[in-house]
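These figures come from a predicted structure and were not determined experimentally.
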Amino acid sequence: MARLSTILGAILRDMVAAQHEANMYAVRLSPAYRDRNSAAALTPPSVSLGEVELTLHCGFVDESVPGEICETDHAAVLRAIRTISEGISEVIVSCILTAIIRHSGDSGEGEGPVARLNRERTLRREFTAFLSRRLRGHLNGHRAEFISLEGEIDVDRLQEDILYIADEQFLSHSDLEEVFAADMSGNLRKNVRESLQTNLQIMLPRILKDVRLARREKYASLNVEVSSEALSKLPEESIHTLRLRISPRDLPLDTDTEEF
């Protein structure tokens, strides 16, 4: 005896796993077609799972069984990512500017990119907003990596994603190349990263303190028998036939191409 939802879930997962295995096998074969002259004109073999019709015989053995499931509130996830992005982008900008100015020993009043970003409010506000959008786009696209199905946030993995964007969009920005190149000690970039990591470890728990991404939902499930042995012992009128039509679908991909 098993729950109908468990049986159907297992069938669907097996279909996804089968398609994934076929995809990976096709990927492994493709280099052979690129590297051999005789196969250059051929298309690497591949197969795609299409619509499938499935007939399932089952017997309902008792009344519906109450249950409870913990589900991720996706609207709350999007709100949380926006909150994180807006709060952390200012932390990133402030931390990096402070660390660079402190290391250089000046007041940040010159005409270089760091001094201007530190001094000019409009420029700083625009760059912080840009960084927030890029961070939000990245976190949206990678949310499955740091948010579990139960709505739990992996703070360490989230921090890695934030540091990646900080490095890609700020520390690796062309305007800072001269700043880091002028550092004869070679410690500036390392010190900036360490300072940023320390600040994130302090600020992230504060931002996430009241974030709740999961909700509990009550539902009714059905216990069924599907094995031939179990069905043979049930009266014929209690055996039902479910005809399922399962169609493939593509998952949407999040993209972000904004530049500053």
Side-chain angles (χ1 to χ4, degrees), residues 13 16 20 23 69-100 113-114 117-118 121-177 179-180 189-217 249-260:
R13 282 193 299 273
V16 171
H20 174 69
N23 290 344
I69 189 172
C70 184
E71 294 182 339
T72 301
D73 185 340
H74 293 286
V77 169
L78 296 179
R79 288 195 299 270
I81 287 176
R82 177 180 287 274
T83 299
I84 293 168
S85 302
E86 291 175 352
I88 288 299
S89 59
E90 177 58 38
V91 172
I92 293 173
V93 174
S94 296
C95 178
I96 292 178
L97 291 179
T98 300
I100 292 176
V114 172
L117 196 57
N118 184 61
R121 294 184 178 181
T122 300
L123 178 64
R124 178 164 174 162
R125 183 171 60 252
E126 290 175 351
F127 182 74
T128 301
F130 158 78
L131 191 63
S132 175
R133 292 192 297 272
R134 292 309 302 261
L135 181 58
R136 185 168 73 247
H138 180 80
L139 294 182
N140 275 331
H142 294 78
R143 58 184 179 271
E145 299 173 5
F146 62 87
I147 299 176
S148 70
L149 294 177
E150 293 74 31
E152 298 293 329
I153 296 178
D154 185 336
V155 179
D156 291 337
R157 184 55 194 266
L158 172 59
Q159 182 172 295
E160 289 179 12
D161 283 316
I162 293 172
L163 289 171
Y164 171 78
I165 291 299
D167 185 76
E168 181 186 61
Q169 300 298 329
F170 198 168
L171 293 178
S172 298
H173 199 284
S174 58
D175 286 348
L176 292 186
E177 288 181 2
V179 176
F180 290 114
R189 190 182 295 271
K190 177 185 175 183
N191 292 341
V192 169
R193 283 200 177 106
E194 289 178 351
S195 176
L196 180 56
Q197 189 167 4
T198 299
N199 276 271
L200 289 178
Q201 289 172 345
I202 295 172
M203 295 302 300
L204 273 178
R206 296 180 184 176
I207 294 175
L208 298 174
K209 180 181 178 182
D210 297 321
V211 171
R212 299 291 180 270
L213 303 182
R215 61 187 176 196
R216 295 195 172 275
E217 297 285 346
R249 57 164 297 187
D250 294 324
L251 294 177
L253 297 177
D254 294 316
T255 58
D256 189 84
T257 58
E258 189 174 1
E259 297 294 340
F260 183 83

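- Remark: side-chain polar atoms of S195 are not paired, donor with acceptor, to backbone N or O of N191 under 3.5 angstrom.
- No salt bridge links R212 with D73; every basic N to acidic carboxylate O contact stays at or beyond 4.0 Å.
- Here the closest non-hydrogen pair linking V211 and I207 is CG2-O, 3.6 Å.
- Inspection of the S94 and R124 side chains reveals an N or O donor paired with an N or O acceptor under 3.5 Å.
- Under the 4.5 Å side-chain criterion, counting only non-hydrogen atoms from C-beta, N118 is not in contact with I100.
- Side-chain contact between L135 and Q169 is absent, with no heavy atoms from C-beta onward closer than 4.5 Å.
- The heavy-atom pair separating F180 from L171 by the smallest distance is CE1-O, 3.5 Å.
- The two residues G151 and I147 make their nearest non-hydrogen contact at CA-CG2, 4.1 Å.
- Residues V192 and A99 approach most closely at CG2-CB, 3.9 Å, considering heavy atoms.
- Atoms CD and CE, from E90 and M203 in turn, are 10.0 Å apart once rounded to the nearest 0.5 Å.
- Between D156 and Q159 the shortest side-chain heavy-atom distance does not fall below 4.5 Å.
- In this structure, the separation between CD on E145 and CD on E160 is 9.5 Å, given to the nearest 0.5 Å.
- Contact of the N140 side chain with the R143 side chain is registered, since non-hydrogen atoms from C-beta on lie closer than 4.5 Å.
- With rounding to the nearest 0.5 angstrom, the CG atom of D154 is 8.5 Å from the CG atom of L158.
- Here CG of L97 is found 8.5 Å from CZ of F127. Values are rounded to the nearest 0.5 Å.
- The distance from the CG atom of L163 to the CZ atom of R193 is 9.0 Å, given to the nearest 0.5 Å.
- Between atom CG of residue L196 and atom CD of residue Q201 there is a gap of 10.0 Å, rounded to the nearest 0.5 Å.
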Please report, to 0.1 Å, the donor-acceptor pairs under 3.5 Å made by any side chain of residues 78-89, with sequence neighbours excluded.
from : atom 1 : to   : atom 2 : distance (Å)
T83  : OG1    : R79  : O      : 3.0
S85  : OG     : I81  : O      : 2.7
S85  : OG     : R136 : N      : 3.3
S89  : OG     : S85  : O      : 3.0
S89  : OG     : E86  : O      : 3.1

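- Residues F170 and I92 come closest through the heavy atom pair CD1-CG2, 4.1 Å.
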